[in-house]
2 protein chains.
Amino acid sequence: MSTETQARRGTAAGPARRRILDTAAALFYAEGIHTIGVDRIIAEAGVAKATFYNHFPAKDELVHAYLCEQYAFQRGVVDRLREASVSSGNTAREALLAIYDHMIDYGNSPAFRGCPFINAAAEYPDPAHPVRAAVAAHRAWFRALMTELLTAADDPTPERTADILIMVRDSLAVGCDLDDPAALRTTTRDLLSRVLAGPRTDA
Amino acid sequence: MSTETQARRGTAAGPARRRILDTAAALFYAEGIHTIGVDRIIAEAGVAKATFYNHFPAKDELVHAYLCEQYAFQRGVVDRLREASVSSGNTAREALLAIYDHMIDYGNSPAFRGCPFINAAAEYPDPAHPVRAAVAAHRAWFRALMTELLTAADDPTPERTADILIMVRDSLAVGCDLDDPAALRTTTRDLLSRVLAGPRTDA
DNA sequence: CAGAGACTAGACAGATCTGTCTGGTAACGT
DNA sequence: ACGTTACCAGACAGATCTGTCTAGTCTCTG
């Protein structure tokens, strides 16, 4: 099969599959995974049921694809932020803070409803479920990213501080959904200022 | 109706209602709320369906009761911890750290599956739903508790630091479920040491 | 003893969910 | 022109979910 055909209506990138994934992502994120039925996704995506089950043999496959796309999306955002930071001549510490500023902005957007991975994990408690593996992959990526930036920023204990920054990320996602996200802007910056220079020696 | 009768099999404290609440709490927490059907609660509690719907007119009422009990339970635990701390002559700061140590222990228990309130909120995104109100009440209590202890511990900015400690709590709950809870013991203590003496002036 | 109230057992209705299957349309490549 | 393939429309099966209802038991109270 020619690549030209694939680009137009190939199995891997057909417009139906895209529509399914986009509507599923919006619905899963906004209303939860278990509450959204396949019928609703089909109706809102304007897709036949057979087409849906042709692209995704089971609902779980769609859920997994949804998380994989979220993962890729976040990596893309971070990559662009880092490039912008590098081309501006920023330090690694400034690049790291830019990532958190972006997360705070995102948490303040009206559609924000928490971290898709944390929310999915709450709905899939079984550690052996593929959803949990997707969540773990995303977390491993973020941990490595933090460690790398902290090392470049000459943090005295990059792995340790990275673990702390993951905690900051998680609490930011939870708090922006459950508390006042505007207040968390100040709180998070304060927290980062207390965290980013290493453990205290004067306490 | 005499209180004696109530104690034995009264409407407010019948053993059937207790069994329903206990099994529902265990199942909701371990496997999620939407995934647990009323039939399963009824079967595992050994209760007739009519009895269930007599005590809880709808499943949502049971969910709400489940969260209210969790709230009461946590308040009880904290109250006992504070009393123990006071009778040991501990400072407010030590009492606060004891609460976090207890949360870390809890997060390291094998049955730990995250914070029941955060998990419930993930399953009930609608801000107008009673579940969200129960979550907000619990968070308001915890914020007030932190502020009180920090004020007693002479923290220079108790409200601000309290907001940060809520973030620490949330990330602890998420992380103990999704990451290695044993590692979070060290990480959290490190984080608290960086946080608890106020914002840095040397950075 | 008689009545009230909590409880059990389980059928039942109606909706919804996942997944399958049939049948038809339209665009493409050979 | 023909076959392939992606797609649409919708019926259907089987399970499961919430909630209602009937009928009967048991225990305590008056």
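Reckoned from all heavy atoms, side chains included, excluding hydrogens, waters and symmetry mates. By convention in this document, chain letters (A, B, ...) are assigned in the order of the sequence lines, proteins followed by strands, and residues within each chain are numbered from 1.
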Next item on the list: Select one nucleotide: of C:dT18, D:dC8, D:dT18, the one nearest the side-chain heavy atoms of A:Val38.
Entry: C:dT18
Next item on the list: Would you mind reading off the distance between A:Asp39 atom CG and D:dA11 atom C1', rounded to a whole angstrom?
Entry: 12 Å
Checklist line | Whole-Å gap separating C1' (D:dT16) and CD1 (B:Ile41) | finding: 14 Å
Checklist line | For the student: nearest non-hydrogen atoms of A:Leu81 and A:Ile99, plus distance | finding: CD1-CA, 4.2 Å
Note to self: Expressed as a whole number of angstroms, how long is the span from A:Tyr53:OH to C:dG19:P?
What the structure shows: 4 Å
Notebook entry, point to check: Should A:Arg132 and A:Asp126 count as an ion pair when the cut-off is N to O under 4.0 Å?
Noted result: no
Check: For A:Ile20 and D:dC8, what is the distance between atoms CD1 and C1' respectively, to the nearest whole Å?
Finding: 12 Å
Check: OP1 or OP2 of C:dA6 sitting under 4.0 Å from any side-chain N/O of B:His55?
Finding: no
Margin query: What's A:Asn54 touching, base or sugar-phosphate or nothing? Going by heavy atoms closer than 4.0 Å.
Written below: nothing
Next item on the list: Could you tell me whether A:Glu31 and A:Arg40 make a salt bridge, using a distance below 4.0 angstrom between a side-chain N and a carboxylate O?
Entry: yes
Next item on the list: Look at B:His34 and D:dC17 and indicate whether a side-chain polar atom (N or O) is within less than 4.0 Å of OP1 or OP2.
Entry: no
Checklist line | B:Arg139 charged N/C atom sitting above B:Phe117 aromatic ring, 6.0 Å / 45° | finding: no
Next item on the list: Report yes if at least one side-chain N or O of B:Thr51 is closer than 4.0 Å to OP1 or OP2 of C:dA6; otherwise report no.
Entry: no
Check: Charged N to carboxylate O under 4.0 angstrom, A:Arg189 versus A:Asp101?
Finding: yes
Item checked: Rounded distance (Å) that lies between atom P of C:dA11 and atom CD1 of B:Ile42 -> 14 Å
Margin query: So A:Ala50, base contact, sugar-phosphate only, or nothing? Heavy-atom distance under 4.0 Å.
Written below: base
Note to self: Whole angstroms only, please: what is the CD1-C1' distance between A:Ile33 and C:dT18?
What the structure shows: 16 Å
Note to self: Rounded to whole Å, how long is the line connecting atom NZ of A:Lys49 with atom C1' of D:dA11?
What the structure shows: 10 Å
Checklist line | Rounded distance in Å - CZ (A:Phe52) to C1' (C:dC17) | finding: 12 Å
Next item on the list: Return no unless some side-chain N or O of B:Arg18 is found under 4.0 Å from OP1 or OP2 of C:dC7.
Entry: no
